[in-house]
Amino acid sequence: MAETSESSKNKTLSPEAEFSKKLTFRDYLTATEQKYNQPLPFWRLILPLMLQTGLILSVPTQAMYTNLAGREVILQTLPNDPDNVLRGYTLNLDYNISRISNLRRLPGWEEVVSRNEGRRGRLLEGTNLYVILQEQQSFGRGTPRAWRPVRVSSNLPMSLRDNQVALRGVYQDGTINYGVESYNVPDEQRRQLNNDIFRAARQTRDGQLRSLTVKVKVDPQGNAVPVSLWVRDRNYRF
């Protein structure tokens, strides 16, 4: 037993054990502070910045792509109170294809509802759908004719006729939104646009603004951006 005890005393400690034996708690705190005070690697600084920048630029980049790759499509609004159309610098438009009562008559509607049915047979909030629009021949150089909705689909159609396009919409608060319902009107256009809207409304018996014609661009994925608007015989570009 004595030999074992003597052997233990004479046993050489490993460098790691010797170092840990000499290391004090103050040394540990100092080492920890030095570790966290070291400058971060460059990639850890630049990566979050790149991600934030990407998120900020994603919206205008998508709009630029749609504007470049999109096809011109003509939409038609519903009659509306002229006071509700232009409020301040914001133009608010309500399209005929935004109403469920108009879309439920089209082929494919029952399938969309069956796949995305909520309470009482209504669509679930946030449901995506595609409205297939077909070009209508226009005559003359006046206001073009609106494209006619011919069917709806839950999925983006893989093949369409040359005179058709699929417009993506989202069901929200009882209506379908296509991302082209609101426009910011430049100050130099606002007064003239407001005058034309009320002149057009005064020409009707009930004082309501009749349907307006809107040109948008729709890209291959169904996203749309506004291009211009006709009020009476005047065209306003956005």
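Heavy-atom basis, side chains included; hydrogens, waters and symmetry copies ignored.
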Novice: Measuring from atom CG of L75 to atom CG of L212, what distance do you get when rounded to the nearest 0.5 angstrom?
Specialist: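 Nearest 0.5 Å value for the CG-CG distance: 12.0 Å.
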
Novice: Hey, could you give me the OG/CG distance between S101 and N96, rounded to the nearest 0.5 Å?
Specialist: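 S101 OG to N96 CG: 10.0 Å, rounded to 0.5 Å.
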
Novice: So how far is it from R232 CZ to R210 CZ, rounded to the nearest 0.5 Å?
Specialist: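 Going from CZ on R232 over to CZ on R210, the span is 15.0 Å.
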
Novice: Would you say the side chain of P149 lies within less than 4.5 Å of the side chain of N102, judging by non-hydrogen atoms?
Specialist: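 No. Closest side-chain heavy atoms not under 4.5 Å.
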
Novice: Run D187 and R190 through side-chain contact (heavy atoms from CB on, under 4.5 Å) and show every step you take.
Specialist: CA-CA 5 Å; D187 186 59; R190 185 173 64 90; 4.0 Å; yes

Novice: Looking at Q136 and A146, what are the two nearest heavy atoms and their distance?
Specialist: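 Of all heavy-atom pairs spanning Q136 and A146, the closest is CG-O, 3.2 Å.
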
Novice: Okay, side chain of N116, backbone of V112: is any donor-acceptor separation there less than 3.5 Å?
Specialist: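 Looks like yes, one N/O pair under 3.5 Å.
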
Novice: On a heavy-atom basis, which atom in K217 and which in G70 lie closest, and how many Å separate them?
Specialist: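 So the minimum-distance heavy-atom pair works out to CD-O, 4.0 Å.
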
Novice: Search all heavy atoms of L209 against all heavy atoms of P82 and return the closest pair with its distance.
Specialist: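 Closest heavy-atom pair between L209 and P82: N-CD, 4.1 Å.
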
Novice: Answer yes if Y178 and V85 sit in the same cluster of Ile, Leu, Val, Met, Phe, Trp and Tyr residues linked by side chain heavy atoms under 4.5 Å apart, and no otherwise.
Specialist: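 Linked, Y178 and V85 end up in one cluster.
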
Novice: Is there a donor-acceptor pair closer than 3.5 Å between any side-chain N or O of E181 and the backbone N or O of G179?
Specialist: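 Yes; judged by distance alone, with no hydrogens or angles, the pair exists.
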
Novice: Is it the case that over 12 heavy atoms from other parts of the model lie below 6.0 angstrom from the CG atom of D233?
Specialist: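 It does not: D233 CG has 12 such atoms or fewer within range.
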
Novice: Consider only side-chain heavy atoms of I, L, V, M, F, W and Y, link residues closer than 4.5 Å, and tell whether I97 and V214 are in one cluster.
Specialist: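 Result: yes, single cluster for both.
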
Novice: Looking at V185 and L86, what are the two nearest heavy atoms and their distance?
Specialist: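 Shortest heavy-atom contact: CG2-CD1, 3.9 Å.
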
Novice: Out of curiosity, R168 CZ to S153 OG, how far, rounded to the nearest 0.5 Å?
Specialist: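 That separation rounds to 13.5 Å.
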
Novice: Among the clusters formed by ILVMFWY side chains lying less than 4.5 Å apart, do W230 and L93 turn up in the same one?
Specialist: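 Shared cluster, yes.
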
Novice: Same cluster or not: I74 versus L103, using hydrophobic residues (I, L, V, M, F, W, Y) connected whenever any side-chain heavy atoms lie under 4.5 Å apart?
Specialist: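 Cluster IDs for I74 and L103 match.
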
Novice: Please lay out, stage by stage, how Y236 and L91 fare under the test side-chain contact (heavy atoms from CB on, under 4.5 Å).
Specialist: CA-CA 12 Å; Y236 292 88; L91 184 66; over 6 Å; no

Novice: Sorted by first residue and then second, give each side chain to side chain donor-acceptor pair (under 3.5 Å) pair with at least one member in residues 68-86; sequence neighbours left out.
Specialist: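 Pairs touching residues 68-86 that pass the test: N84-R87.
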
Novice: Do T175 side-chain atoms and R99 backbone N/O form a donor-acceptor pair below 3.5 Å?
Specialist: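 No, because the side chain of T175 does not come within donor-acceptor range (under 3.5 Å) of the backbone of R99.
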
Novice: Just to verify, what does Y183 make a ring-ring contact (aromatic ring centres under 6.0 Å, His included) with, not counting sequence neighbours?
Specialist: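 With neighbours one apart ignored, the set is F238.
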
Novice: Looking at side-chain heavy atoms only, is the closest gap between W147 and N163 below 4.5 Å?
Specialist: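 In short, these two side chains do not touch, never coming nearer than 4.5 Å.
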
Novice: Give a yes or no answer on whether the side chain of R151 reaches the backbone of L106 with a donor-acceptor pair at less than 3.5 Å.
Specialist: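 No, because the side chain of R151 does not come within donor-acceptor range (under 3.5 Å) of the backbone of L106.
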
Novice: Rounded to the nearest 0.5 Å, what separation is found between the CG atom of L160 and the CD atom of Q134?
Specialist: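 Between atom CG of L160 and atom CD of Q134 there are 10.0 Å.
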
Novice: Looking at R199 and Q192, what are the two nearest heavy atoms and their distance?
Specialist: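 The pair with the smallest heavy-atom distance is NH1-NE2, 4.5 Å.
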
Novice: Please evaluate residues I176 and Y95 with respect to the criterion side-chain contact (heavy atoms from CB on, under 4.5 Å), reporting the C-alpha separation (whole Å), side-chain torsions for both, the decisive distance (0.1 Å), and the verdict.
Specialist: CA-CA 9 Å; I176 307 296; Y95 297 94; over 6 Å; no

Novice: Quick check: are there more than 12 heavy atoms from other residues, nucleotides or ligands sitting under 6.0 Å from CZ of R122?
Specialist: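 No, because the 6.0 Å sphere around CZ of R122 holds 12 heavy atoms or fewer from other groups.
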
Novice: Run T90 and N184 through side-chain contact (heavy atoms from CB on, under 4.5 Å) and show every step you take.
Specialist: CA-CA 5 Å; T90 304; N184 291 324; 4.1 Å; yes

Novice: Checking the side chain of S138 only, and the main-chain atoms of R145 only, is there a donor and an acceptor separated by less than 3.5 Å?
Specialist: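 Yes; at least one donor-acceptor contact below 3.5 Å.
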
Novice: Same hydrophobic cluster for V150 and L167, using side-chain heavy-atom links shorter than 4.5 Å among ILVMFWY?
Specialist: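 They do not share one cluster, since no chain of ILVMFWY contacts under 4.5 Å joins V150 to L167.
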
Novice: Do you know the tightest heavy-atom contact between E125 and Y171?
Specialist: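 Looks like OE2-CE2, 3.6 Å.
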
Novice: Any chance you could measure E111, atom CD, to N155, atom CG, to the nearest 0.5 Å?
Specialist: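 One finds 7.5 Å between CD of E111 and CG of N155.
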
